[in-house]
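Every chain is numbered from 1 and lettered A, B, ... according to where its sequence line falls, protein lines coming before strand lines.
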2 protein chains.
Amino acid sequence: MEYYREDSAILLAVDCIIFGFNGESLQVLLIKRDFEPERNKWSLMGGFVQPDESPELAASRVLKKLTGLENVYMEQCSVFGDPKREPNSRVVSICYFALIDTQKYTHILSEEYEAKWFPLQNYPTLIFDHDQMIASAQHRLRMKAALYPILFELLPEKFTIPQIAALYEGVYNIEFDKRNFSRKLLSSDLIIKLDEKDKENSKKGAFYFKLNTAIYKEKIMSFLRYLPSWFPEN
Amino acid sequence: MEYYREDSAILLAVDCIIFGFNGESLQVLLIKRDFEPERNKWSLMGGFVQPDESPELAASRVLKKLTGLENVYMEQCSVFGDPKREPNSRVVSICYFALIDTQKYTHILSEEYEAKWFPLQNYPTLIFDHDQMIASAQHRLRMKAALYPILFELLPEKFTIPQIAALYEGVYNIEFDKRNFSRKLLSSDLIIKLDEKDKENSKKGAFYFKLNTAIYKEKIMSFLRYLPSWFPEN
DNA sequence: ATAATTAGTGTCAAATTAACATTTATTTTT
DNA sequence: AAAAATAAATGTTAATTTGACACTAATTAT
């Protein structure tokens with residue numbers, strides 16, 4: 001096979017950027033490596049793509065191994081493949097970001113690893129190019145969340161409007177007028193009001209809402225400035 | 001090195017989805033393969049990532065080999081890695097989309113390949129999963145172009161407003177009111193009017209414009225429905 | 001000179017946004 | 001038990017943007 005001549009082997013890995021939201025700030029789940037190289041330093045959770053599995057499957061496997069969770073929102077983001085990115089071998093890593101509802105994350109299975117949530121604003125120095133991976137995933141998350149309502153993946157089934165507001169503020173690192181935010185959100189029909197109230201976080205209590213999944217599906221939330229705002233039609 | 005045990009080799013490739021705009025419709029550049037497997041079928045231009053090069057470099061190299069162009073707008077998009085995506089070996093391919101100004105593409109170097117532009121609406125069946133690659137790149141292009149003014153990369157230095165309008169219409173496959181489009185575009189300060197007119201395409205002639213590169217840089221063009229429209233500040 | 005063609009500007013009502021004020025439900029304090 | 005404190009939720013309004021439509025302008029072909 002002429003075609004495949006002289007092409008040398010490259011190891012292929014996946015790394016997972018696991019985002020969570022604790023009600024205050026956006027968090028990222030990191031592990032302390034218990035193996036060489038770079039033992040005892042913080043890093044993303046990763047693993048090698050096996051001969052019989054797709055990169056997506058590898059990423060899900062890695063995520064499950066760490067968190068015990070399946071059917072999590074995951075999305076491929078950038079590939080890091082600089083020949084010198086790892087000192088001892090040529091590893092090309094495909095990054096995935098996962099959005100998880102931290103209430104479902106119980107840290108049972110991960111006794112095996114030393115895993116810890118860190119705020120995205122302030123996490124330790126990571127091995128190799130993992131910092132860049134997080135930065136790139138964060139950029140991707142912002143971009144995607146500007147067009148699609150994926151941030152709801154970070155919230156539990158029932159959530160309050162102040163919670164969503166705090167989440168958006170955390171992701172984009174800005175503050176905005178909660179009154180206008182609330183009005184926009186409600187007018188989208190994306191969320192459905194429940195009778196129950198969350199009394200944990202305030203005296204008055206905030207009504208719980210749930211997602212309107214019919215509208216949620218692939219709904220684009222923002223529109224190109226140069227496109228009419230009716231695009232795309234739902 | 002315990003760490004890297006039992007991880008088997010996977011071939012790593014890149015494939016380029018090369019977009020161009022001919023003034024009417026969005027086009028994609030395909031080649032007729034002159035090698036096995038799948039000789040004489042249409043496909044994307046691709047190549048293997050070499051031991052000493054990054055995937056980005058591989059993609060640029062492949063693009064240059066086909067088009068002779070360098071310093072082209074290129075962006076990583078999705079990775080295709082299904083174990084069975086190629087019949088004879090395990091190849092994981094990283095896709096890149098390139099936006100090229102077709103006026104710069106002269107097809108000199110590519111005598112070596114049989115390359116041809118096809119409209120994105122109607123191109124031949126491609127080998128392997130290359131159709132999916134194009135679909136995915138198109139989706140990515142739409143998403144990115146909804147937030148950033150990257151479509152200007154497809155136009156020559158000087159362009160007219162009717163050209164930009166046709167381009168946006170081609171990318172999103174819709175028609176819209178040219179008067180409102182023009183008003184929005186002009187109010188953005190993204191383009192600067194020149195004295196010269198393009199007389200090729202109409203009797204009256206349309207004024208040429210050039211990009212305002214200062215404003216172009218990373219300008220976000222659309223805003224999250226749930227974010228105030230002043231975000232992000234430039 | 002006139003028609004044809006497409007570029008470019010103009011109008012205006014309706015919808016949306018940004019900025020700001022008030023009311024409501026509940027708990028804590030006095 | 002009344003008052004203060006807290007945070008949620010709803011309300012107000014002027015300014016801006018949008019969408020839909022009409023018109024004028026520049027040029028070429030007839």
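Side chain of Ser188(A) to main chain of Leu185(A): a donor-acceptor pair is present (N/O by atom type, distance under 3.5 Å, no hydrogens or angles).
Between the CG atom of Leu185(B) and the P atom of dA7(C) there is a distance of 14 Å, rounded to whole Å. Taking atom CD on Glu200(A) and atom C1' on dT6(D), their separation rounds to 17 Å, with Å as the unit. Distance, Asn201(B) CG to dT27(D) P: 16 Å, rounded to whole Å. The CZ atom of Phe181(A) sits 19 Å away from the P atom of dG11(D) (whole-angstrom rounding). Rounding to whole angstrom units, CG of residue Asp198(A) and P of dA25(C) are separated by 17 Å. Straight-line distance from the CZ atom of Phe176(A) to the P atom of dT17(C): 14 Å, rounded to whole Å.
Remark: Ser78(A) engages Ser136(A) in a side chain to side chain donor-acceptor pair (under 3.5 Å) (not counting sequence neighbours). Shown here are the side chain to side chain contact (heavy atoms under 4.5 Å, CB included) partners of Asp198(A), two or more places apart in sequence or in another chain: Thr160(A), Gln163(A), Glu200(A), Asn201(A), Tyr208(A).
No side-chain N or O of Ser54(A) forms a donor-acceptor pair with one of Asp82(B) less than 3.5 Å apart.
Between Lys178(B) and Glu169(B), at least one side-chain nitrogen of the basic residue sits less than 4.0 Å from a carboxylate oxygen of the acidic one, meeting the salt-bridge criterion.
Using the six-membered ring where Trp is involved, Tyr172(A) and Tyr168(A) have ring planes that are parallel, under 30° apart on the 30 and 60° scheme.
Contact check, Lys199(B) against dT27(D): a side-chain N or O comes under 4.0 Å of OP1 or OP2. The side chain of Lys203(A) places no N or O atom within less than 4.0 Å of a non-bridging phosphate oxygen (OP1 or OP2) of dA5(D).
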Short heteroatom pairs, N/O only, protein and nucleotides 8-13 of chain C, under 3.5 Å:
| residue | atom | partner | partner atom | Å |
| --- | --- | --- | --- | --- |
| dG8(C) | OP1 | Phe207(B) | N | 2.8 |

